[in-house]
Undergrad: 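There's a structure below that I have some questions on.
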Amino acid sequence: MTVALFWIALGALLIAALWFLRLVIETGAAYKAKVLSTLLFTQHRAVNPQSATEVSADSYRILRLFRARIDHEKRLVSTSFLGLRPQTAIWREGFGSTLHADSAMSAPSVSSTRPRVRSEWERTGTPSTLADAVARAFTEPNPARRRRTQAVVVVQGGRIVAEQYAPPFDASSLFPGWSVAKSLVPSLVGILVGEGRLSVSDQALWPTWSATDPRAAITLEDLLRMRSGLRFKEVYTTPVSDVLRMLYRERDMAAFAASRPLAAPPGTAWSYSSGTTNILSAIIKRTVGESSYIDWPHRVLLDRIGMSSAILEADAAGTFVCSSYMLATARDWARFGRFHLQDGVWDGTRILPEGWMAFCTTPTPQSPTANFGAHWWLKLQPDIGGQTASASRIPADAFFAVGHEGQTISVIPSRDLVVVRHGLSIYIDAWNQAEFVTDILDAL
């Protein structure tokens with residue numbers, strides 16, 4: 001009996017190990033395919049698919065074992081480990097780079113007559129102290145944990161007061177925002193609230209959340225403040241986490257996130273969740289209508305503030321992955337920050353409802369140390385310099401959009417200041433955002 005139990009246990013362990021290995025292979029292949037597709041076809045970067053830093057350096061070294069096949073004519077990237085469990089990303093006009101999409105899916109017809117408000121940034125001379133502070137952001141104090149800053153843009157008083165790029169990047173380069181894109185969602189929701197098409201008190205927000213389902217009690221405000229109570233593991237170190245399953249193994253990301261059970265009653269517990277953002281993106285899609293959805297964010301917001309370089313990438317269900325997949329030039333990301341600094345007003349025209357930014361930057365009581373508002377960070381996290389002496393010197397009215405690998409937008413209304421930084425800090429603790437911001441503030 002003991003021997004039989006031993007073999008049963010060994011068999012179960014072997015099955016579990018093979019299942020875990022399959023997830024590792026699928027997730028690794030999907031990540032590499034998606035990143036390469038965006039690099040090649042959205043950013044138009046000429047990179048070697050095997051040695052590109054984005055998929056080969058630091059903790060991504062394991063991805064060197066995954067081979068990529070590029071079809072430039074069909075704009076396909078297929079990646080696999082020893083030919084096992086290949087994953088494919090396809091680029092389509094209007095959708096950007098998408099995993100698991102059927103190559104037969106048609107691209108949307110995007111309007112070419114969208115109204116645009118485009119005015120070039122005014123520029124001033126850069127004081128030497130500020131130029132030195134910006135230049136320091138491009139140095140590598142610890143070669144073992146490289147920061148790889150790619151772009152910095154500093155805007156004060158509506159003018160660019162400093163700007164620098166690392167080769168081969170320049171003012172025309174598109175930079176992925178990763179989770180910086182999350183902060184687009186509350187503005188899109190705010191526009192719909194201002195139009196009376198949504199309310200922060202709305203409930204029963206998902207079709208499968210019936211009247212008897214406790215998830216039907218989740219309000220729009222709960223989703224905006226990430227206190228929905230839905231169980232969602234935002235962990236990037238294991239392929240069994242919800243966030244990696246959603247981003248790299250699910251065709252309909254919002255539906256997956258909405259299928260999670262409650263871990264806490266709605267409105268009672270804060271938990272950072274990319275799934276929550278994608279649920280909101282799908283709610284926006286249903287509210288504006290699928291036929292208008294692809295064009296709508298550009299027409300009502302992005303093009304109106306001159307952010308014409310912005311590209312939103314969708315999942316295979318055609319929903320923008322606002323948790324993670326949006327690109328724009330560094331200058332246009334600065335426009336995004338400036339728009340929010342100006343309380344949702346651009347060129348004298350109010351786009352967001354009056355008081356909406358005050359709502360977004362009001363601390364969520366359930367968040368730790370009141371560090372989170374409505375999809376905006378109000379304090380920096382410890383892994384990028386939060387809770388340090390430098391962080392304590394940042395003005396209290398500052399708010400931030402922060403993304404994977406050290407993408408940041410810092411908005412400081414009391415200093416009329418927006419600071420944008422893009423980079424490839426694969427080890428996130430290699431980048432100290434608090435120290436960087438205070439260095440800029442001291443120089444000004």
Side-chain angles (χ1 to χ4, degrees), residues 153 155 175-194 200 220-221 223-227 234 270 272-281 283-284 296-298 300-302 304-307 309-313 320-346 351-353 355-364 367 370-381 384 386 394 397-413 417-422 433 437:
V153 175
V155 173
F175 296 96
W178 291 101
S179 286
V180 168
K182 287 181 170 70
S183 295
L184 172 67
V185 166
S187 291
L188 297 180
V189 170
I191 290 170
L192 292 171
V193 168
V200 295
L220 189 66
E221 182 173 3
L223 292 171
L224 286 167
R225 296 193 175 281
M226 293 199 179
R227 62 184 189 197
E234 189 85 11
W270 181 87
Y272 185 80
S273 165
S274 292
T276 297
T277 308
N278 291 329
I279 292 172
L280 285 166
S281 188
I283 291 170
I284 293 167
W296 186 81
H298 299 272
V300 301
L301 177 58
L302 298 173
R304 293 182 71 184
I305 66 174
M307 203 173 171
S309 71
I311 296 175
L312 287 159
E313 296 185 321
F320 292 131
V321 186
C322 287
S323 68
S324 313
Y325 299 150
M326 177 179 169
L327 301 97
T329 64
R331 290 180 180 179
D332 276 358
W333 283 119
R335 288 175 180 273
F336 184 75
R338 180 74 185 169
F339 168 69
H340 291 93
L341 182 148
Q342 295 175 159
D343 193 38
V345 173
W346 195 265
I351 298 174
L352 298 183
W356 186 254
M357 281 310 299
F359 166 79
C360 288
T361 55
T362 296
T364 297
S367 64
N371 64 352
F372 197 79
H375 269 61
W376 283 94
W377 289 100
L378 308 183
K379 297 177 184 177
L380 295 172
Q381 292 292 85
I384 56 171
I394 297 174
D397 65 338
F399 53 98
F400 312 88
V402 181
H404 178 53
E405 298 174 343
Q407 321 313 316
T408 59
I409 302 176
S410 301
V411 182
I412 308 178
L417 180 68
V418 174
V419 183
V420 170
R421 184 265 181 179
H422 292 291
Q433 177 68 9
V437 171

Undergrad: Assess the residue pair Phe320 and Trp296 against the criterion (ring-ring contact (aromatic ring centres under 6.0 Å, His included)); give the C-alpha distance rounded to whole Å, side-chain angles, the decisive distance to 0.1 Å, and a yes or no.
TA: CA-CA 11 Å; Phe320 292 131; Trp296 186 81; 9.9 Å; no

Undergrad: Can you find a pair of side-chain heavy atoms, one from Val402 and one from Gln381, that are under 4.5 Å apart?
TA: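 The answer is no; the side chains never approach within 4.5 Å.
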
Undergrad: Distance-only, no hydrogens or angles: does the Arg338 side chain make a donor-acceptor pair with backbone N or O of Val418 under 3.5 Å?
TA: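 Not confirmed, Arg338 side chain does not pair with Val418 backbone.
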
Undergrad: Quick one, Val420 and Phe175 - any side-chain contact, counting heavy atoms below 4.5 Å?
TA: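 They are not in contact (no side-chain heavy atoms under 4.5 Å apart), so the answer is no.
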
Undergrad: With the side chain counted from C-beta on, respond yes when Leu352 and Ile191 share a heavy-atom pair under 4.5 Å apart, and no when they do not.
TA: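 They are in side-chain contact.
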
Undergrad: Measure the shortest side-chain to side-chain distance between Val180 and Thr408 over non-hydrogen atoms and say whether it is less than 4.5 angstrom.
TA: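 No, their side chains stay 4.5 Å or more apart.
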
Undergrad: So do the side chains of Cys360 and His375 get within less than 4.5 Å of each other, counting heavy atoms only?
TA: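 Not touching, per the 4.5 Å side-chain cut-off.
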
Undergrad: Does Gln342 reach the side chain of Met357, with side-chain heavy atoms less than 4.5 Å apart?
TA: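 The answer is no; the side chains never approach within 4.5 Å.
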
Undergrad: For the residue pair His340 and Thr361, establish whether any side-chain heavy-atom pair is separated by less than 4.5 Å.
TA: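 Side-chain contact under 4.5 Å: no.
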
Undergrad: Can you check whether Leu312 reaches Leu184 side chain to side chain, under 4.5 Å on heavy atoms?
TA: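 Yes, their side chains come closer than 4.5 Å.
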
Undergrad: Does the side chain of Ser273 pick up a donor-acceptor pair with the side chain of Thr276 at under 3.5 Å?
TA: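 Side-chain D/A pair, Ser273 to Thr276: present.
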
Undergrad: Please check: side-chain N/O of Ser179 versus main-chain N/O of Lys182, any donor-acceptor pairing under 3.5 Å?
TA: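 No: the side chain of Ser179 does not pair with the backbone of Lys182.
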
Undergrad: Please check if any side-chain donor atom of Ser324 sits under 3.5 Å from a side-chain acceptor atom of His404, or the reverse.
TA: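 There is no such pair between these side chains.
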
Undergrad: Taking the six-membered ring of Phe359 as reference, does the NZ or CZ atom of Arg225 fall below 6.0 Å from its centre and within a 45° cone about the axis?
TA: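 Yes, Arg225 sits over the ring of Phe359.
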
Undergrad: Would you please test Phe372 and Trp270 for ring-ring contact (aromatic ring centres under 6.0 Å, His included) and show each step?
TA: CA-CA 9 Å; Phe372 197 79; Trp270 181 87; 5.4 Å; yes

Undergrad: Has the side chain of Trp356 got a donor or acceptor atom that lies under 3.5 Å from a matching backbone atom of Val193?
TA: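 Such a contact is absent between Trp356 side chain and Val193 backbone.
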
Undergrad: Measure the OG-CH2 distance between Ser183 and Trp377 for me, rounded to the nearest 0.5 Å.
TA: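 Spacing of OG (Ser183) from CH2 (Trp377) equals 10.0 Å.
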
Undergrad: Quick check against the 3.5 Å criterion: does Arg335 have a side-chain atom that pairs as donor or acceptor with the backbone of Met307?
TA: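 No, Arg335 side chain to Met307 backbone: no donor-acceptor pair under 3.5 Å.
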
Undergrad: Verify, without hydrogens or angle tests, whether Ser309 (side chain) and Thr329 (backbone) share a donor-acceptor contact under 3.5 angstrom.
TA: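 Yes, because the side chain of Ser309 sits within donor-acceptor range (under 3.5 Å) of the backbone of Thr329.
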
